[in-house]
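Shown next, in structure tokens, is the structure this report addresses.
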Amino acid sequence: MHIVVESSSSGVTLTTLDDTGAFVGESVVSESDFSAEVARREASRPRWVWSDTEHWYPRLLEAGVRVERCVDLRLCRAILRNSPLTQSTDVAAAPPDAWDEPPADAASPAVGATLFDLEPARPGDQLDPLREFLRQRAAAPPALALLLSAESAGALVAAEIKHTGLPWRAEVHDELLTRMLGPRPRVGERPGRMEALARDIRAALDAPELNPDSAGTLLRALQRAGLRVESTSKWELQRVEHPVITPLLEYKSLARLYSANGWHWLDTNVRDGRFHPDYVPGGVVTGRWASRGGGGALQLPKQVRGAVLADPGHVLVVADASQLEPRILAAMARDRAMVEAGAQGDLYAGIVASGAVATREQAKLAMLGAMYGATQGESGRLIPALARAYPGAIRLVEGAARVGERGERVSTLLGRGSPLPGEDWHELQSLASAEGASTALQERARAAARSWGRFTRNFVVQGTAAEWALCWMATLRQKLHALGGAPQLAFFLHDEVVVHTPSELADVTADAIREAAVEAGRLLFGELPIRFPLTVATVQSYADAK
DNA sequence: GACGGCTCCAAA
DNA sequence: AACTTTTGGAGCCGTC
């Protein structure tokens with residue numbers, strides 16, 4: 001059974017459909033009765049159909065109402081418009097409309113709003129979810145069903161994590177900052193430790209007025225002092241010897257900490273002992289989640305993870321999928337040799353044991369190079385050896401690269417399609433292939449084609465890994481609920497989850513995480529004997545997880 | 001003062 | 001260590 005949720009002038013309209021999509025009944029509830037009504041009807045385990053999980057679900061969570069299943073029409077729409085499996089349908093062919101716009105209420109509410117921001121027209125008001133749902137049902141082939149339900153389940157998980165939040169001890173974070181930077185400075189001033197390092201830098205470069213935050217002036221000062229560098233990036237500075245290097249690298253590290261995760265971050269992102277990650281499911285073309293706002297949920301640096309501490313009587317169960325992307329590649333390609341290399345635990349060690357390359361480091365470099373499309377350096381040189389040992393896996397990524405170089409679409413295992421290159425790209429290709437095109441133009445076009453090929457090459461692996469992660473989380477979410485709801489998903493990071501749980505449930509929580517990973521492998525790859533081993537740590541502090 | 005481009009860095 | 005993928009944000013700086 002499905003219940004389609006829609007705003008109306010008198011409240012919220014709930015339209016019930018049976019499993020064939022036929023109309024069963026309709027009712028209208030006031031906004032204030034909405035969450036109670038959802039709670040009541042959740043007992044019959046419907047699939048809630050709504051425009052945006054992000055729009056509808058937070059108010060339910062506020063009211064203490066969890067739903068088991070939903071259809072997020074906007075996310076499913078995006079998949080249907082891009083999947084190679086639906087290109088002939090009217091969903092894919094329809095001109096862009098309000099469903100293709102970002103949700104009206106997604107941005108941080110009313111920050112910077114002024115008197116002049118009169119009630120904007122909300123795209124959401126023009127949406128007809130019932131009509132859209134029926135259209136999507138008609139368009140979606142069975143082969144896309146798993147991806148569509150995983151995507152919607154992911155949206156529920158994202159909203160729940162945002163609601164619950166990751167335990168974050170502000171006073172621990174403050175102590176950590178004070179220890180590294182010195183006391184919190186007044187507005188407009190640098191922390192003491194950074195100011196001292198800035199003085200050292202100016203002295204070492206004999207540049208008394210230098211602002212080390214200005215990359216341009218810093219580069220000129222470095223070159224004037226005789227350093228042979230082309231940029232001020234960390235990796236280039238590290239290979240140069242000069243008295244300025246040590247204070248400069250420390251300055252850059254502290255400046256990053258201060259501006260990205262300093263006291264200002266703490267003030268704006270931690271409330272009531274929780275950090276509330278603002279995820280955007282489907283926000284990356286590959287299907288990975290993105291994050292929104294200054295919270296930086298997907299780039300929480302290791303430097304500050306010490307402030308993530310379980311509540312009294314609780315622990316954090318932290319699990320990450322080891323070498324996820326190469327294993328995904330092995331399984332997608334049905335490359336028995338590579339699957340076998342990972343069967344004992346460490347895939348890279350398995351590759352070395354097979355004799356393909358000499359060292360674990362080389363195995364890792366070669367694998368990453370194959371998935372990213374490296375052509376140069378040690379990584380590029382190692383790929384032929386990898387191709388001899390694992391022709392199936394390498395054929396898959398090379399094939400995806402060729403498709404992209406032709407400007408065509410590739411697909412993940414579950415059917416998420418890659419975007420097509422833009423007009424500029426096509427124009428460059430046709431200009432370069434025209435009679436009398438300059439060699440410079442031809443080279444630019446080839447570079448653009450190769451670049452798009454690297455993107456599609458990586459898309460199939462990164463995107464399928466994201467699908468595995470969605471299935472993992474969707475399954476885990478159900479298992480944690482079955483444990484009574486006390487263990488809660490508190491964080492997600494591409495191939496890693498953090499569950500905050502009462503200490504006495506730590507072991508069953510860890511089991512649930514492992515079982516969910518097995519189930520995710522089965523959902524994607526059936527009975528193929530591919531393992532996705534996890535590293536699981538039960539800790540007080542996130543900093544101790546790895 | 002707003003805005004876009006640029007550089008740099010964090011995560012996977 | 002980068003090379004090679006996907007992201008988001010801060011700060012600087014020139015342009016309007």
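Each chain gets a letter, A, B and so on, in the order its sequence line appears, and its residues count up from 1.
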N/O to N/O distances under 3.5 Å, protein versus nucleotides 14-16 of chain C:
none

Below 3.5 Å is the cut-off: list the nitrogen or oxygen pairs between protein and nucleotides 10-13 of chain C, distance only.
residue: C/dC12; atom: O3'; partner: A/S214; partner atom: OG; Å: 3.3
residue: C/dC13; atom: OP1; partner: A/S214; partner atom: OG; Å: 2.3

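For A/S291, whose side chain is taken as the heavy atoms from C-beta onward, the closest listed nucleotide among B/dC8, C/dT5, C/dG8 is C/dG8. The side chain of A/P301 approaches B/dA10 more closely than any other nucleotide in the set C/dT5, B/dA10, C/dC3. If you check B/dC9, B/dA12, C/dT4 against the side chain of A/K252, the one that comes closest is B/dC9. Checking B/dA10, C/dC3, C/dT6 against the side-chain heavy atoms of A/V284 singles out C/dT6 as nearest. Here the nucleotide nearest the side chain of A/H494, chosen from C/dT5, C/dT7, B/dA12, is B/dA12. Counting only heavy atoms from C-beta on, A/L493 has its side chain closest to B/dA12 among C/dC3, C/dT6, B/dA12.
Between A/L237 and A/L248, the closest side-chain pair of non-hydrogen atoms falls below 4.5 Å. Side-chain contact check for A/V499 versus A/I513: some heavy-atom pair is nearer than 4.5 Å. With a 4.5 Å cut-off on side-chain heavy atoms, A/V304 and A/W265 do not count as touching. Here the side chains of A/M338 and A/R327 are not in contact, with every heavy-atom distance at 4.5 Å or above.
Residue A/K234 places none of its side-chain N or O atoms closer than 4.0 Å to OP1 or OP2 of C/dA2. In this model, the phosphate group of C/dT6 is not approached by any side-chain N or O of A/R288 to a distance below 4.0 Å at OP1 or OP2.
One atom, CG of A/L324, and another, P of C/dT5, lie 20 Å apart when rounded to the nearest Å. Between the CD1 atom of A/I383 and the P atom of C/dT5 there is a distance of 12 Å, rounded to whole Å. When rounded to the nearest whole Å, the span between CG of A/L382 and P of C/dT4 equals 16 Å. Separating the CH2 atom of A/W452 from the P atom of C/dT5 is a distance of 12 Å, rounded to the nearest angstrom. As a whole-Å value, the separation of A/L257 CG from B/dC8 C1' is 16 Å. Following rounding to the nearest Å, A/L298 (CG) and B/dA11 (C1') show an atom-to-atom distance of 7 Å. In this structure, A/K302 places its NZ atom 14 Å from C1' of B/dC9, rounding to the nearest Å. Put simply, CD on A/E361 is 9 Å from P on C/dA1, counting in whole angstrom units.
Under 4.0 Å is where a charged nitrogen must lie from a carboxylate oxygen, and between A/E250 and A/R193 at least one such pair does. In this structure, A/D174 does not pair ionically with A/R184, as no charged nitrogen and carboxylate oxygen lie closer than 4.0 Å. Between A/E189 and A/R186 there is a salt bridge, since at least one side-chain N of the basic residue sits less than 4.0 Å from a carboxylate O of the acidic one.
With DNA chain C read from its 5' end, the first of the two nearest nucleotides for A/G295 and A/Q238 is the one closest to A/Q238.
Within 4.0 Å of A/L300, counting heavy atoms only, lie sugar-phosphate atoms of the nucleic acid but no base atom. The residue A/V285 sits close only to the backbone: its heavy atoms come under 4.0 Å of sugar-phosphate atoms, none of a base. When heavy atoms are screened at a 4.0 angstrom cut-off, A/G296 is found touching no nucleic acid atom at all. Here A/T232 lies in heavy-atom contact (under 4.0 Å) with sugar-phosphate atoms only. Residue A/R381 is classed as having no contact, given no heavy-atom separation below 4.0 Å to the nucleic acid. Contact annotation for A/T375: no contact, since no heavy-atom pair falls under 4.0 Å across all strands.
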Would you list the atom pairs, donor with acceptor, under 3.5 Å between side chains in residues 414-422 of chain A and any protein atom, with sequence neighbours excluded?
residue: A/R416; atom: NH1; partner: A/E151; partner atom: OE2; Å: 3.4
residue: A/R416; atom: NH2; partner: A/E151; partner atom: OE1; Å: 2.8
residue: A/S418; atom: OG; partner: A/V410; partner atom: N; Å: 3.0
residue: A/S418; atom: OG; partner: A/V410; partner atom: O; Å: 3.4

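Distance alone, capped at 3.5 Å, is enough to place a donor-acceptor pair between the A/S152 side chain and the A/D72 backbone. Not a single donor-acceptor pair under 3.5 Å links the side chain of A/E195 to the backbone N or O of A/R190.
In this structure, A/Y542 and A/F491 have perpendicular ring planes: the angle between them is above 60°, well past the 30° mark.
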